Amino acid sequence: MREGVLIIGAGGVGRVVVHKAVQNIDTFKKITLASRTLSRCEQLQKEVDGKIDIAQVDADNVNELVELIKKVEPFMVLNIALPYQDLTIMEACLRTGVHYLDTANYEHPDTAKFEYKLQWAYDEKYKQKGIMGLLGSGFDPGVTNVFCAYLQKHYFDEIHYIDILDCNAGDHGYPFATNFNPEINLREVSAKGRYWEDGEWKETEPLAIKMVWDYPQIGKKDSYLMYHEEMESLVKHIKGLKRIRFFMTFGESYLTHMRCLENVGMLRIDEIEVDGCKVVPLHVLKALLPDPSTLGERTKGKTNIGVVAEGLKDGKKRKVYIYNVCDHQEAFKETGAQAVSYTTGVPAMIGAKLMVKNIWMREGVWNMEQFDPDHFMEELNTQGLPWKIKELDI
Ligand code: NDP
């Protein structure tokens, strides 16, 4: 019988997923962690007193994945590797008839662009095979989608405007470092901004639109408009939507470093030749920057990620703010990872828990807001990511 979960990826987020899955061992029964570097899996296995099995896998290789899945026979695979592996892991799940979950949209290594098209294309095949794929079960995407579904269900008849607000006020003490995979992070931040209004996407220069938002338990922070993947599915599933935007906070020092690195070409993702060796500048930068998984111990402060929605309820205008605050040090104490990994890993575990318990289970490929949000919202409160909701003046 197929039982338990196969987690692929032993980075910052994978570490949190493992710790949280072990805390919920009654649900998951059997946990296997596989990743490219076995020593990272061994380390985590030690930390959780041997309560997980481990394996080495190259998740770029579909045949290797198929072999591993056949050996482990899990109920589902949690893809906690990188967005580059989404399609190979989805394909391996299809071939073996095993459910799939991830936290980030597929991206091709050579093109800094992400979209759901290629993953949504698996919908029909997953339906025919009788398996489910849950896309984007992290915080954003993930919890932000669930927040929107919850607001739509309980607070609004129609939501007209959504702003997703992502603040990381953590300080790791380094002049420059990224809080999760530097390559993925810098590709995202240096890309053009995009938001959706009146039925069409509008593009802006990178970080060209700024506003100041007062984040509860943190304070006022510069917040910049960016494109973010959850908007692509939310515009399809939120009723009456007229505009959706995504803002993320950045400090002046981070932006100055990033602009400088960009100006000198260090964010380039094409190959260049140096002394007869072919290198990708962004890979060199990644090798030089602190490994995000080592930042946890040093990072102090909080994150606050939430959604502000405006619309109509019973014919009256309404504006509601729903958010979670997560403390870097507390996250580290519990899992050995800072809050950015924690806020991603906990929802990944919750998504898997709802699938294993047959609460969120439907054949095909789905985004988070397409399911009843209530169970997920309850789990957030008990698994370490409690949320608050408040009415705002219009
Ligand atoms: P890390 O770089 O810390 O970890 C990635 C892990 O995947 C590493 O252990 C790495 O192995 C492993 N890996 C990479 N390539 C392969 C491969 N070909 N085969 C097997 N294993 C591989 O990243 P994070 O933990 O920070 O991020 C994990 C995912 O979470 C990413 O997809 C990221 O985009 C997503 N994310 C989502 C967020 C959300 O809110 N939705 C927020 C933050 C992140 P090795 O140890 O050898 O390098």
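These numbers come from a predicted model, not from an experiment. Note that ligands are numbered from 1 as they come in the structure, with each ligand's atoms numbered from 1 the same way.
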A.B. asks: Which protein non-hydrogen atom lies closest to atom 44 (C) of ligand 1, naming both residue and atom, and how far is it?
C.D. replies: F180 CD1, 3.8 Å
A.B. asks: Which one of D58, I89, V13 has a non-hydrogen atom at the shortest distance from atom 24 (P) of ligand 1?
C.D. replies: V13
A.B. asks: Without swapping roles, check the side chain of N181 against the backbone of E183 for a donor-acceptor pair under 3.5 Å.
C.D. replies: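 Side chain of N181 to backbone of E183: a pair is present.
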A.B. asks: Can you report which non-hydrogen protein atom sits closest to atom 6 (C) of ligand 1, along with the distance?
C.D. replies: G11 N, 3.7 Å
A.B. asks: Output the list of atoms in ligand 1 that are nearer than 4.0 Å to some heavy atom of R40, sorted by atom number.
C.D. replies: 8 (C), 9 (O), 46 (O)
A.B. asks: Considering non-hydrogen atoms of the protein only, which is the closest contact for atom 2 (O) of ligand 1, and what is the distance?
C.D. replies: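 Sorting protein heavy atoms by distance from atom 2 (O) of ligand 1 puts N181 ND2, 2.9 Å first.
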A.B. asks: Just by modelled atom types, is the Y106 backbone N or O under 3.5 Å from a matching donor or acceptor in the D86 side chain?
C.D. replies: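 At least one qualifying donor-acceptor pair exists.
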A.B. asks: With distance as the sole test, does R298 use its side chain to make a donor-acceptor pair with the main-chain N or O of H172 at under 3.5 Å?
C.D. replies: yes
A.B. asks: Does even one non-hydrogen atom of G142 get within less than 4.0 Å of ligand 1?
C.D. replies: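 No heavy atom of G142 comes that close to ligand 1.
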A.B. asks: Are Q128 and K125 linked by a side-chain donor-acceptor pair shorter than 3.5 Å?
C.D. replies: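 Absent: no donor and acceptor within the cut-off.
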A.B. asks: For Y321 and W213, which I'm curious about, is there any donor-acceptor pair between the side chains at under 3.5 Å?
C.D. replies: yes
A.B. asks: Pull out every atom of ligand 1 sitting under 4.0 Å from any heavy atom of D60, numbered as shown with elements.
C.D. replies: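 By the 4.0 Å cutoff, the relevant atoms are 18 (N).
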A.B. asks: Near A10, which atoms of ligand 1 are under 4.0 Å from a heavy atom of that residue?
C.D. replies: 6 (C), 9 (O)
A.B. asks: As an exercise, identify every atom of ligand 1 less than 4.0 angstrom from a heavy atom of I80.
C.D. replies: 28 (C)
A.B. asks: Starting from atom 12 (C) of ligand 1, which protein heavy atom do you reach first, and at what distance in Å?
C.D. replies: S35 OG, 3.6 Å
A.B. asks: Do I80 and F28 belong together in a cluster built from hydrophobic side chains that touch within less than 4.5 Å?
C.D. replies: yes
A.B. asks: Would you say the side-chain atoms of E310 and H160 include a donor-acceptor pair closer than 3.5 Å?
C.D. replies: no
A.B. asks: Give the residue and atom name of whichever protein heavy atom lies nearest to atom 37 (C) of ligand 1, and the separation in Å to one decimal.
C.D. replies: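 So the nearest neighbour among protein heavy atoms is T344 CG2, 3.4 Å.
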A.B. asks: Return yes or no for this condition: an N or O of P141 is under 3.5 Å from an N or O of ligand 1.
C.D. replies: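 Yes, at least one N or O pair falls under 3.5 Å.
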A.B. asks: Do N24 and Q383 have a side chain donor and acceptor closer than 3.5 Å?
C.D. replies: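 Side-chain D/A pair, N24 to Q383: present.
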A.B. asks: Using distance alone, with no hydrogens and no angle criterion, decide if E330 and H328 have a side-chain donor and acceptor under 3.5 Å apart.
C.D. replies: no
A.B. asks: Applying a 4.0 Å heavy-atom criterion (strictly less than), which segment of A81 is in contact with ligand 1: side chain, backbone, both, or neither?
C.D. replies: both
A.B. asks: Below 4.0 angstrom from a heavy atom of F139, which ligand 1 atoms are there? Numbered from 1 as shown, please.
C.D. replies: 39 (C), 40 (O), 41 (N)
A.B. asks: Give me the residue, atom name and distance of the protein heavy atom closest to atom 47 (O) of ligand 1.
C.D. replies: T37 OG1, 2.4 Å
A.B. asks: Closer than 4.0 Å to some heavy atom of G12 - which atoms of ligand 1 meet that?
C.D. replies: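 Taking each heavy atom of G12 in turn, ligand 1 has 3 (O), 25 (O) under 4.0 Å.
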A.B. asks: Could you check whether any side-chain N or O of W387 sits under 3.5 Å from a backbone N or O of M377, counting only pairs where one atom can act as donor and the other as acceptor?
C.D. replies: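 Yes, W387 side chain to M377 backbone: donor-acceptor pair under 3.5 Å.
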A.B. asks: For T103, which part has a heavy atom under 4.0 Å from ligand 1: side chain, backbone, both, or neither?
C.D. replies: both
A.B. asks: For the NZ atom on K221, are there more than 12 heavy atoms of other groups (residues, nucleotides or ligands in this structure) within a distance under 6.0 Å?
C.D. replies: no
A.B. asks: So for atom CD, which belongs to Q56, do other residues, nucleotides or ligands contribute more than 12 heavy atoms lying within a distance under 6.0 Å?
C.D. replies: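 More than 12 within 6.0 Å, yes.
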A.B. asks: Can you tell me which portion of S341 lies within the under-4.0 Å heavy-atom range of ligand 1? Options are side chain, backbone, both, or neither.
C.D. replies: neither
A.B. asks: Number the atoms of ligand 1 from 1 as they appear, then name those within less than 4.0 Å of a heavy atom of A59, with their elements.
C.D. replies: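 So the atoms of ligand 1 that pass are 17 (C), 18 (N), 19 (N), 20 (C).
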A.B. asks: Looking only at protein heavy atoms, which one is nearest to atom 34 (O) of ligand 1, and what is the separation?
C.D. replies: A104 CB, 3.5 Å
A.B. asks: Which hydrophobic side chains are connected to V212, either touching it within the sub-4.5 Å cutoff or through other members that do?
C.D. replies: none
A.B. asks: Taking atom 23 (O) of ligand 1 as the point of reference, which of L82, V57, L38 owns the nearest heavy atom?
C.D. replies: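 Looking at heavy atoms only, the winner is L82.
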A.B. asks: Ligand 1 versus R36, non-hydrogen atoms closer than 4.0 Å: side chain, backbone, both, neither?
C.D. replies: both
